[in-house]
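Inspection log for the structure reproduced underneath, given as structure tokens.
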Amino acid sequence: MAEEKQAARSEVTVKFGKGLVGEPFISKAGKQLVQVSIPNQSPNDHRPWQTFVVSPTMIHDNKYGKGVWMKLPEDGATKVSRPVVQEQGEDGKRVWGRESRMVPNTELKSMLEAYKERDRSSVLADLSSKQTASAARPAPQKAAPSKEPTR
């Protein structure tokens, strides 16, 4: 019966880069956790990135070594937070606080995988121009070996 409940539970697989995973830490409750950062989707958004915490056992390396993945329940939600300036003191120092909200795991997947939807046309245009420039350039010639005897 427990196997039927696990099979019926649908999961969301989230894939993201290793660079978004922070260092493991111990929570106040004594559990080991790791912080995962969510980059801003818009390049014009200069606010600090949103973050969430999960157990490091949930995050797995992919077979190529540059990315990681994790599975979350599809019908669940994750608490996402971001540092925000609450007030600015008289001496000019900022007082920071945290803004938190619950995000459905399906939306969390789209937030972490937003890099897949970026416009790559400029990158491809740069690549094609570099390829034509390198094809037009003559190949370097190798120097002929000297015929002097070595001692």
Side-chain angles (χ1 to χ4, degrees), residues 1-140:
M1 186 166 178
E3 292 177 22
E4 291 176 12
K5 286 185 179 180
Q6 273 192 331
R9 186 178 101 173
S10 57
E11 295 180 330
V12 174
T13 303
V14 183
K15 299 176 185 175
F16 51 97
K18 266 187 183 178
L20 299 177
V21 180
E23 294 294 320
F25 64 94
I26 305 295
S27 70
K28 291 179 183 177
K31 294 182 179 180
Q32 187 172 10
L33 299 172
V34 67
Q35 182 176 4
V36 179
S37 300
I38 305 170
N40 295 330
Q41 293 179 351
S42 170
N44 298 330
D45 188 1
H46 299 293
R47 297 179 298 172
W49 288 0
Q50 297 183 66
T51 59
F52 65 96
V53 293
V54 293
S55 171
T57 58
M58 292 177 67
I59 298 176
H60 309 283
D61 288 341
N62 70 2
K63 64 181 179 179
Y64 301 110
K66 292 194 177 191
V68 292
W69 60 273
M70 66 184 213
K71 289 194 175 197
L72 296 170
E74 187 175 23
D75 57 349
T78 303
K79 184 178 180 180
V80 175
S81 64
R82 157 190 329 247
V84 292
V85 176
Q86 289 183 334
E87 61 184 60
Q88 190 160 350
E90 295 174 9
D91 57 352
K93 291 187 178 180
R94 296 178 181 170
V95 177
W96 290 87
R98 294 203 77 75
E99 172 187 276
S100 300
R101 64 187 177 110
M102 293 301 284
V103 175
N105 289 339
T106 53
E107 184 181 334
L108 182 68
K109 175 184 171 76
S110 66
M111 290 167 63
L112 274 167
E113 295 181 354
Y115 67 92
K116 294 179 180 179
E117 298 167 4
R118 287 192 181 150
D119 183 26
R120 300 188 64 163
S121 61
S122 63
V123 174
L124 294 174
D126 290 345
L127 180 64
S128 63
S129 66
K130 287 180 183 178
Q131 287 176 341
T132 56
S134 66
R137 188 174 37 173

Are [X] and [Y] side-chain neighbours, meaning at least one heavy-atom pair lies under 4.5 Å?
X	Y	result
L108	I38	yes
E11	E74	no
V85	W96	yes
N105	P73	yes
V84	R47	no

Closest heavy-atom contact between [X] and [Y]?
X	Y	value
S81	S100	CB-OG, 3.3 Å
D45	N40	O-ND2, 3.1 Å
M111	Q41	CA-NE2, 3.4 Å
S55	T57	OG-OG1, 2.8 Å
L20	P39	CD2-CG, 3.8 Å
K18	V68	CG-CG1, 3.6 Å

Nearest 0.5 angstrom please: [X] [atom1] to [Y] [atom2], how far?
X	Y	atom1	atom2	value
D61	W69	CG	CH2	10.0 Å
K15	K109	NZ	NZ	7.0 Å
L33	E23	CG	CD	14.0 Å
H60	M70	NE2	CE	9.5 Å
F52	L112	CZ	CG	5.0 Å
T51	R82	OG1	CZ	9.5 Å

